[in-house]
Amino acid sequence: FPDEGSPFLNDKIQGGIFIMTVVAERIAKLRALMAEKGIDAYVVPTADFHQSEYVGEHFKARKYITGFSGSYGTAVITQTDGGLWTDGRYFFQAENELKGSGIRLMKMFVGDTPSVTEYLADALPEGGTVGFDGRVLSMGEGQEYEEALSVKNIQIHYSEDLIDIIWEDRPSLSTKP
C-alpha cells in the first residue's frame, strides 16, 4: 500500500466508511473553485509555457489533478464528470492510475471517442464557460477551442490557473534554463 503521503492512494474502506482518494479530494476543491468562478469545465493539459510534452514538476498540473503520470494527456473536469484524453501508449497505465479518481479514460483516436473540443461542445450548456491556464495552450489550440465552442456561445476563461490556487505545496518554477 502506498505511504499516507502519496497523492495517488487507492480508495479504501474503513469501518464501512468510504474515504476519498487524495485525487478525488483535489477534484472536489477544483469543482468548488470552478463553481465560485462560474466555470462549467476546466481543461488541464500536459504542457508548460513552451508547450513541451515533457515538463518540470511545477507544470505537472494534470498529474496533480488526475493522478495520471504519463507524459501525454489532457484532463477535462466538469461539475459532474471528468475525463482524461491520452493515446494508446498510455491506456493500460491510465486505467490503473485513474482507479477511484472519478476520472474516465477517453481513448484518443479509438472508435467514437470525442476529441476534447467535441466533448466540451456537447457537455457544456449554451452560454457556458470553459476555463484553462492560457499560458500553457498554444495560440492554435486556443483558436481551435474558440471555433468549436462559439457555436453554443461558450465563453473561454483563460486568465487564471485554478490548479495553482488549490495546489498548496506546488513545486516552484525551475530556475534552470
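Just so you know, residue 1 is the first one in the sequence shown, and it goes up from there.
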> Passes salt bridge (charged side-chain N to carboxylate O under 4.0 Å, His left out), E97 versus K63? Steps please.
Replying inline: CA-CA 10 Å; E97 291 180 349; K63 177 181 176 184; over 6 Å; no
> Distance-only, no hydrogens or angles: does the D133 side chain make a donor-acceptor pair with backbone N or O of E160 under 3.5 Å?
Replying inline: no
> Can you check whether L124's main-chain N or O pairs, donor with acceptor, with K152's side chain at less than 3.5 Å?
Replying inline: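 Yes.
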> For atom CD of Q79, is the number of surrounding heavy atoms from other residues, nucleotides or ligands below 6.0 Å larger than 12?
Replying inline: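 For Q79, atom CD is crowded (more than 12 foreign heavy atoms under 6.0 Å).
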> Counting only heavy atoms not in E126, do more than 12 fall under 6.0 Å of its CD?
Replying inline: yes
>> Is there a side chain to side chain contact (heavy atoms under 4.5 Å, CB included) between M106 and S115? Walk through the geometry before answering.
In response: CA-CA 9 Å; M106 305 296 280; S115 69; over 6 Å; no
Separation of [Y] [atom2] from [X] [atom1] (nearest 0.5 Å):
{"X": "T78", "Y": "I27", "atom1": "OG1", "atom2": "CD1", "answer": "10.5 Å"}
{"X": "L33", "Y": "I39", "atom1": "CG", "atom2": "CD1", "answer": "7.0 Å"}
{"X": "I154", "Y": "H157", "atom1": "CD1", "atom2": "NE2", "answer": "15.5 Å"}
{"X": "Y158", "Y": "R135", "atom1": "OH", "atom2": "CZ", "answer": "13.0 Å"}
{"X": "E118", "Y": "L149", "atom1": "CD", "atom2": "CG", "answer": "11.0 Å"}
{"X": "E146", "Y": "Q155", "atom1": "CD", "atom2": "CD", "answer": "9.5 Å"}

If every non-hydrogen atom of [X] is compared with every non-hydrogen atom of [Y], which pair is closest and at what distance?
{"X": "G73", "Y": "R62", "value": "O-NE, 3.6 Å"}
{"X": "N96", "Y": "K99", "value": "OD1-NZ, 3.3 Å"}
{"X": "M108", "Y": "T113", "value": "N-CG2, 4.5 Å"}
{"X": "P45", "Y": "V136", "value": "CG-CG2, 3.8 Å"}
{"X": "I166", "Y": "Y64", "value": "O-OH, 3.4 Å"}
{"X": "R104", "Y": "Y119", "value": "NH2-CE1, 3.9 Å"}

Any side-chain heavy atom of [X] within less than 4.5 Å of one from [Y]?
{"X": "I65", "Y": "V23", "answer": "no"}
{"X": "E144", "Y": "T117", "answer": "yes"}
{"X": "T66", "Y": "S101", "answer": "no"}

Please determine whether residues [X] and [Y] belong to a single hydrophobic cluster, defined as Ile, Leu, Val, Met, Phe, Trp and Tyr linked transitively by side-chain heavy-atom distances below 4.5 Å.
{"X": "V110", "Y": "I103", "value": "yes"}
{"X": "L120", "Y": "F109", "value": "yes"}
{"X": "F92", "Y": "Y72", "value": "no"}

> Given D164 and R170, is the side chain to side chain contact (heavy atoms under 4.5 Å, CB included) satisfied, shown in steps?
Replying inline: CA-CA 7 Å; D164 193 55; R170 187 175 196 172; 3.2 Å; yes
> Considering the options V44, L137, D161, which one meets the side-chain contact (heavy atoms from CB on, under 4.5 Å) requirement together with F132?
Replying inline: L137
> Side chains of Q143 and S138: do they bring a donor and an acceptor to under 3.5 Å?
Replying inline: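 Side chains of Q143 and S138: no pair found under 3.5 Å.
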> Taking the six-membered ring for Trp, is the centroid-to-centroid distance between Y90 and F68 below 6.0 Å?
Replying inline: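 Centroid separation for Y90 and F68: below 6.0 Å.
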>> For Q93 and S69: C-alpha separation, side-chain torsions, deciding distance, then whether side chain to side chain donor-acceptor pair (under 3.5 Å) applies.
In response: CA-CA 8 Å; Q93 177 183 347; S69 64; 3.0 Å; yes
>> Determine whether K107 and E95 satisfy the following criterion, side chain to side chain contact (heavy atoms under 4.5 Å, CB included), listing intermediate values before the conclusion.
In response: CA-CA 10 Å; K107 296 179 177 181; E95 285 174 357; 3.4 Å; yes
> Could you walk me through whether T74 and T46 pass the side chain to side chain contact (heavy atoms under 4.5 Å, CB included) check?
Replying inline: CA-CA 6 Å; T74 298; T46 305; 5.7 Å; no
